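Here is the structure we will look at, set down as structure tokens.
Order of appearance sets the numbers: ligands from 1, and atoms from 1 within every ligand. From a predicted model like this one, the values you see are computed outputs, not experimental measurements.
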Amino acid sequence: MKNLVILGGGYGGMKILNELLPNHLPDDVKITLVDRVPYHCLKTEYYALAAGTISDKEIRVDFPVHDRLEVKYGEVIAVETSDRKVVMRDLEPIAYDELIIGLGCEDKYHDVPGADQFTYSIQSIEKSRLTYSVLNNLGPESVVGIVGAGLSGVELASELSESREDLNIKLFDRGQHILSSFPERLSKYVENWFEKNTVEIINNSNITKVEENVLYNHGEPIHCDVIVWTAGIQANKVVRNMDGEKDGMGRLVLTPLHHLPNDEHIFILGDCASLPHAPSAQLAEGQAEQIVEVLKRRWKGEQPPASFPQIKLKGILGSLGKKHGFGMMADRAITGRVARMLKTGILWMYKYHNG
Ligand SMILES: Cc1cc2nc3c(=O)[nH]c(=O)nc-3n(C[C@H](O)[C@H](O)[C@H](O)COP(=O)(O)OP(=O)(O)OC[C@H]3O[C@@H](n4cnc5c(N)ncnc54)[C@H](O)[C@@H]3O)c2cc1C
């Protein structure tokens with residue numbers, strides 16, 4: 001039996017499983033899925049988990065069951081490419097014939113002293129739970145500093161402002177306007193929403209240092225009872241520690257068929273892969289479909305295509321609490337209740353299709 005090992009049961013890993021398991025896995029191939037968490041976690045909802053507006057159970061999806069799927073729970077430490085083995089913490093190494101690495105991303109602190117030590121995170125389920133616990137145990141009128149006003153910072157700030165109206169939320173952002181990757185009209189719509197909902201936006205900020213309960217903006221200390229970091233991401237440490245060319249986010253550079261240039265048996269997926277789009281769940285899924293195509297052809301002894309068309313993305317939607325939202329769909333900006341309803345619908349569909 002050949003062993004296809006998938007590291008990470010996130011959006012990309014799940015898509016691979018859902019494409020292969022029903023009827024595309026040859027009889028002589030088995031799959032080993034490795035994750036530290038015993039279910040697929042809906043990372044796009046971590047902001048709501050941290051804000052305390054959804055329960056932990058609502059964002060879990062069971063891994064599929066199949067007689068040639070083995071699921072191993074544990075911490076991946078490293079990949080030994082010369083021996084074709086995955087090194088695990090406290091477990092035997094796992095040998096692979098084909099390997100797909102989809103371990104997601106981690107916070108990037110841009111060398112700001114103290115940021116890794118004194119800020120909370122929503123980049124993993126474990127860290128989001130911790131953030132939930134500190135945010136929801138705060139007393140009235142406490143100050144929460146959120147650093148970074150991209151999609152996840154904006155979603156957290158808005159959800160928290162609805163969940164805990166008694167808190168003082170400060171959203172720090174480097175740009176002139178928040179959500180710098182969106183059209184200005186959308187940024188202004190979201191800024192107005194924050195103004196109405198008494199979230200303070202601090203534009204043109206430059207966080208130079210973090211200490212316990214203190215953020216330094218341009219060197220000026222600002223007291224915060226809890227600080228959450230949403231100001232950048234980088235590839236998972238396992239990938240950052242691998243040999244090979246990487247981009248500024250530590251993501252491995254790939255061939256057009258999504259494998260390493262010097263090893264056609266190692267595919268890199270989702271937030272770990274250097275792709276010409278911003279990382280997203282949609283992108284991880286689109287890439288997973290193309291990797292499955294390469295594997296299917298390889299297993300049949302056929303030539304894979306020389307390259308694939310660009311992965312088509314449908315757009316991006318963000319929430320502003322439970323009733324409002326914003327986003328870009330088919331290059332059109334949308335705001336308000338419709339955007340929020342679409343986002344809720346997409347989540348519902350995803351959960352429905354994934355069991
Ligand atoms: C608050 C927030 C909102 C977002 N909203 C959107 C959105 O609206 N739309 C969108 O498309 N994207 C959104 N994203 C981005 C999206 O969540 C990621 O791009 C997506 O999860 C990447 O999928 P992935 O398969 O690469 O990794 P992930 O889904 O992160 O999965 C990685 C898996 O690897 C496991 N893992 C990690 N390290 C180890 C280890 N060492 N050992 C064992 N297991 C490990 C994890 O447990 C996890 O199951 C959002 C992200 C955040 C944080």
Task: Minimum side-chain heavy-atom gap Arg164-Val144 below 4.5 Å - done: no

Open item on the list: Checking a contact table here: which protein heavy atom is nearest atom 42 (N) of ligand 1, and how many Å away?
Closed with: Val76 N, 2.9 Å

Open item on the list: Show me which atoms of ligand 1 lie under 4.0 Å from any heavy atom of Val37.
Closed with: 47 (O)

Task: Closest protein heavy atom (residue, atom, distance) for atom 18 (C) of ligand 1 - done: Asp271 OD2, 3.4 Å

- [ ] Return yes when Cys41 approaches ligand 1 closer than 4.0 angstrom through a heavy atom, no otherwise.
- [x] no

- [ ] Flag the pair Leu69 / Leu21 as yes when at least one side-chain heavy-atom distance between them is below 4.5 Å, and no otherwise.
- [x] yes

Open item on the list: Does any N or O of ligand 1 fall below 3.5 Å from an N or O anywhere on Ser152, backbone included?
Closed with: no

- [ ] For Lys343, counting its heavy atoms only, list the atoms of ligand 1 lying under 4.0 Å from any of them.
- [x] 8 (O)

- [ ] Identify, with sequence neighbours excluded, every residue that meets side chain to side chain contact (heavy atoms under 4.5 Å, CB included) alongside Pro279.
- [x] Ile233, Met249, Arg251, Asp271

Task: Option among Lys2, Arg298, His259 that satisfies the side-chain hydrogen bond (donor to acceptor under 3.5 Å, both in side chains) test with Glu98 - done: Arg298

Open item on the list: Please give the remaining members of the hydrophobic cluster of Val214, linking ILVMFWY side chains under 4.5 Å, ordered by chain and number.
Closed with: Tyr216

Open item on the list: Using heavy atoms and a 4.0 Å limit, tell me yes or no: is Gly74 in contact with ligand 1?
Closed with: yes

TODO: Measure the distance from atom 27 (O) of ligand 1 to every protein heavy atom, then report the residue, atom name and distance (to 0.1 Å) of the closest one.
DONE: Gly104 CA, 3.4 Å

Task: Within-4.5 Å side-chain heavy-atom neighbours: Gln310 and His277 - done: yes

- [ ] Indicate yes or no: does an N/O atom of Tyr11 lie under 3.5 Å from an N/O atom of ligand 1?
- [x] yes

- [ ] Would you mind listing which atoms of ligand 1 come within a distance below 4.0 Å of any non-hydrogen atom of Gly8?
- [x] 33 (C), 34 (O)

Open item on the list: Please verify the inter-ring angle class for Tyr11 with Tyr350; under 30° counts as parallel, over 60° as perpendicular, anything in between as tilted.
Closed with: tilted

Task: Any N or O of Ala281 closer than 3.5 Å to N or O of ligand 1 - done: yes

TODO: Return the residue, atom name and 0.1 Å-rounded distance of the protein heavy atom closest to atom 14 (N) of ligand 1.
DONE: Thr44 CG2, 3.8 Å

- [ ] Among all protein heavy atoms, pick out the one at the shortest distance from atom 36 (N) of ligand 1; state its residue, atom name and that distance to 0.1 Å.
- [x] Leu103 CD2, 3.8 Å

TODO: Before accepting this row, confirm whether a basic side-chain N of the pair Lys30/Glu70 lies closer than 4.0 Å to the acidic partner's carboxylate O.
DONE: yes

Open item on the list: Can you report which non-hydrogen protein atom sits closest to atom 30 (O) of ligand 1, along with the distance?
Closed with: Lys43 CD, 3.6 Å

Open item on the list: What protein heavy atom lies closest to atom 28 (P) of ligand 1? Include the residue and the distance to one decimal.
Closed with: Gly10 CA, 3.9 Å

- [ ] State the atoms of ligand 1, each with its element, that fall below the 4.0 Å cut-off from a heavy-atom position in Gly270.
- [x] 26 (O)

Task: Heteroatom proximity flag, Tyr46 to ligand 1, N/O under 3.5 Å - done: no

TODO: Report the part of Glu155 (side chain from C-beta onward, or backbone N, CA, C, O) that has a heavy atom under 4.0 Å from ligand 1; answer both or neither where that applies.
DONE: side chain

- [ ] For Gly102, take its heavy atoms, then give the atoms of ligand 1 lying under 4.0 Å from any of them.
- [x] 32 (C), 33 (C), 34 (O)

- [ ] Considering heavy atoms of the protein only, find what lies nearest to atom 44 (N) of ligand 1 and give residue, atom and distance to 0.1 Å.
- [x] Arg36 N, 3.2 Å

Open item on the list: Strictly distance-based, threshold 3.5 Å: is any side-chain N or O of Glu162 a donor or acceptor partner for the main-chain N or O of Lys322?
Closed with: yes

- [ ] Please confirm whether Asp35 comes within less than 3.5 Å of ligand 1 when only nitrogen or oxygen atoms on both sides are compared.
- [x] yes

Task: Non-hydrogen side-chain atoms of Ile16 and Ile31 separated by less than 4.5 Å - done: no

Task: Side-chain ion pair, Glu155 and Lys343, N-O less than 4.0 Å - done: yes

- [ ] On the 0 to 90° scale, with breaks at 30° and 60°, tag the Phe182-Phe326 ring pair as parallel, tilted or perpendicular.
- [x] perpendicular

TODO: Could you list which atoms of ligand 1 come closer than 4.0 Å to a heavy atom of Ile122?
DONE: 1 (C), 53 (C)

Open item on the list: Do Cys224 and Phe118 make a side-chain contact, defined as non-hydrogen atoms from C-beta onward lying under 4.5 Å apart?
Closed with: no

- [ ] Provide the number and element of each atom of ligand 1 under 4.0 Å from a heavy atom of Glu75.
- [x] 40 (C), 41 (N), 42 (N)

- [ ] Have a look at Ile125, Asn236, Leu313 and point out the one with the heavy atom closest to atom 38 (N) of ligand 1.
- [x] Asn236

TODO: Ignoring angles and geometry beyond distance, decide whether Val238 reaches within less than 3.5 Å of ligand 1 through its nitrogen or oxygen atoms.
DONE: no

Task: Glu80 with Lys85: basic N within carboxylate O range, under 4.0 Å - done: no

Task: Part of Leu7 within contact of ligand 1 (heavy atoms, under 4.0 Å) - done: neither

Open item on the list: Does His24 form a side-chain hydrogen bond (donor to acceptor under 3.5 Å, both in side chains) with Glu19? I'd like the steps, not just the answer.
Closed with: CA-CA 7 Å; His24 292 297; Glu19 292 282 315; over 6 Å; no

Task: Sub-4.0 Å atoms of ligand 1 with respect to non-hydrogen atoms of Gly12 - done: 25 (O)

Task: Given Lys15, Lys312, Lys296, the one that forms salt bridge (charged side-chain N to carboxylate O under 4.0 Å, His left out) with Glu289 - done: Lys15

